[in-house]
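Please read the structure below before turning to the comments.
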Amino acid sequence: MRLAIVGLNPGTAIYAQYLARDGHDVTIYTETQDDVKIMDLVPHALLGIVNEETTKLFTRKYLEDLLGIRIVNARLQSVVIDKNDVVLNDQAPSTIMIG
């Protein structure tokens, strides 16, 4: 299944990782050029709420090269979801199933 995630933060990075590992084709639309730091989840790992794997740094290279997730730099205000299409500004739709 093709999925779009709008915004890149610790939660969406973890979600994208799990989706990609389950074989989904994931695209993340984000304004940030930075890597995602998951350091605030270390206490959760110690309590067993999340596993230790989710406490690492999610670099864009890791998300793109190792997991095959596409990261599209775009102003989030320009991302429009129209039914099953993701449209940036007035560009032609890029059909991506949501959900």
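Atom OH of Y62 is separated from atom CD1 of I69 by 8.0 Å, given to the nearest 0.5 angstrom. Distance check: L66 CG to K61 NZ gives 7.5 Å after rounding to the nearest 0.5 Å. Between atom CE of residue M1 and atom CG of residue D25 there is a gap of 11.5 Å, rounded to the nearest 0.5 Å. For the atom pair NE2 (H24) and CZ (R2), the distance works out to 13.5 Å, reported to the nearest 0.5 Å. Note that CD1 of I28 is 5.5 Å distant from CG of L63, once rounded to the nearest 0.5 Å.
Considering T30, V72, V86 as possible partners of V79, the one that fulfils the side chain to side chain contact (heavy atoms under 4.5 Å, CB included) test is V86.
A heavy-atom distance below 4.5 Å is not found between the side chains of V26 and Q17.
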Run the side chain to side chain contact (heavy atoms under 4.5 Å, CB included) test on L19 and I5 for me, step by step, so that the C-alpha distance in whole Å, both residues' side-chain angles and the decisive distance to 0.1 Å come before the verdict. CA-CA 11 Å; L19 290 169; I5 296 175; 4.3 Å; yes
